[in-house]
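Please read these numbers as outputs of a predicted model, since none were measured by experiment.
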Amino acid sequence: MTSNEDAAARYEAIADELAPRAPRRSQMFGMPCLKDVNGKAFAGLRGDELVCRLGRDSAEHAEALATRGAHLFDPAGGRPMKDWVCLPGSAAGQWQRYAEAALAAPR
């Protein structure tokens, strides 16, 4: 993936795919996000990165962080959110899997 527009299109496709399971579109930290049926955010788009709440102790979290270019989400700078991982556009082929894992993760 090479641009924010490509990332936005991929994010929208994922949001559409997950829609039957009732997530809703919203905003969080100035970025578009998806919320579960209880109103809890589980994924979002920041620039050309998918941001997912995977839970710091999950296998998916460890796998996501092992992805080249992935890092913990740090919306304010200096205090990363340990349950959240940013996945780069270069890993867009894996975004759907991690978005689904984030939706299924306990919150």
Side-chain angles (χ1 to χ4, degrees):
M1 199 163 292
T2 59
S3 73
N4 289 357
E5 291 171 358
D6 292 339
R10 180 70 182 125
Y11 172 81
E12 289 300 323
I14 290 168
D16 290 344
E17 177 73 25
L18 295 177
R21 288 184 254 165
R24 64 176 202 223
R25 296 167 199 241
S26 189
Q27 290 281 312
M28 176 183 78
F29 299 115
M31 67 178 182
C33 74
L34 299 174
K35 293 184 176 181
D36 65 18
V37 294
N38 297 315
K40 301 287 185 176
F42 66 90
L45 181 70
R46 186 163 190 174
D48 67 349
E49 296 179 318
L50 181 70
V51 183
C52 293
R53 183 176 187 196
L54 297 168
R56 68 189 84 181
D57 296 323
S58 72
E60 292 85 1
H61 186 276
E63 291 169 13
L65 271 181
T67 302
R68 185 178 196 169
H71 57 92
L72 292 177
F73 181 47
D74 189 1
R79 191 165 186 187
M81 299 176 75
K82 295 177 183 170
D83 289 325
W84 292 77
V85 177
C86 296
L87 292 151
S90 60
Q94 299 176 50
W95 283 11
Q96 180 77 34
R97 179 171 84 91
Y98 288 116
E100 289 180 11
L103 176 57
R107 282 179 277 295

Exercise for review: For Glu60, enumerate each residue passing the side chain to side chain donor-acceptor pair (under 3.5 Å) test, keeping only those at least two apart in sequence or located in another chain.
Suggested key: none
Review point. Any side-chain heavy atom of Lys35 sitting closer than 4.5 Å to one from Pro23?
Key: no
Review point. Could you give the distance from NZ (Lys40) to OG (Ser26), rounded to the nearest 0.5 Å?
Key: 13.0 Å
Check your understanding: Side chain of Trp95, backbone of Gly89: donor and acceptor closer than 3.5 Å?
Key -> no
Point to revise | Test item: Arg107 side-chain N/O and Leu103 main-chain N/O as donor-acceptor pair under 3.5 Å | key: yes
Check your understanding: Is there any ring pair (Phe, Tyr, Trp, His ring centres under 6.0 Å) pair reaching into residues 33-79, and which pairs are they, with sequence neighbours excluded?
Key -> Phe29-Phe73
Check your understanding: Can you name the nearest heavy-atom pair linking Gly47 to Asn4, along with the distance?
Key -> C-OD1, 3.5 Å
Point to revise | Asn38 backbone acceptor or donor facing Asp36 side chain under 3.5 Å | key: yes
**Study point:** Atom pair CG (Asp48) and CD (Glu5), whose distance is rounded to the nearest 0.5 Å
**Key:** 12.0 Å
**Study point:** Straight-line distance of Gln27 CD to Cys33 SG, nearest 0.5 Å
**Key:** 7.0 Å
Exercise for review: Under the salt bridge (Lys or Arg N to Asp or Glu O under 4.0 Å) rule, collect the residues that match up with Glu17, sequence neighbours excluded.
Suggested key: none
Check your understanding: Between the side chain of Arg21 and the main-chain N/O of Glu100, is any donor-acceptor distance below 3.5 Å?
Key -> no
Practice item. Could you list the residues that satisfy side chain to side chain donor-acceptor pair (under 3.5 Å) with Gln94, not counting sequence neighbours? Key: none
Exercise for review: Answer yes if Val85 and Leu50 sit in the same cluster of Ile, Leu, Val, Met, Phe, Trp and Tyr residues linked by side chain heavy atoms under 4.5 Å apart, and no otherwise.
Suggested key: yes
Point to revise | Exercise: identify the closest heavy-atom pair between Ala70 and Leu87 | key: CB-CD2, 4.3 Å
Revision key, fill the gap. Correct closest heavy-atom pair for Ala99 and Ile14 would be CB-CG2, 3.7 Å
Check your understanding: Under a 4.5 Å side-chain heavy-atom rule over Ile, Leu, Val, Met, Phe, Trp and Tyr, are Leu65 and Trp84 clustered together?
Key -> no
Revision key, fill the gap. In short, Gly44 meets Met31 closest at the heavy-atom pair CA-CE, 4.1 Å
Point to revise | Which residues share a side chain to side chain donor-acceptor pair (under 3.5 Å) with Asp16, sequence neighbours left out | key: Arg25
**Study point:** Qualifying residue for side-chain contact (heavy atoms from CB on, under 4.5 Å) with Cys86, from Met81, Arg46, Glu49
**Key:** Glu49
Study note, to complete from the structure: The side chain to side chain donor-acceptor pair (under 3.5 Å) partners of Arg56 (sequence neighbours excluded) come to Asp83
Review point. Does a side-chain heavy-atom distance below 4.5 Å link Leu34 with Leu18?
Key: yes
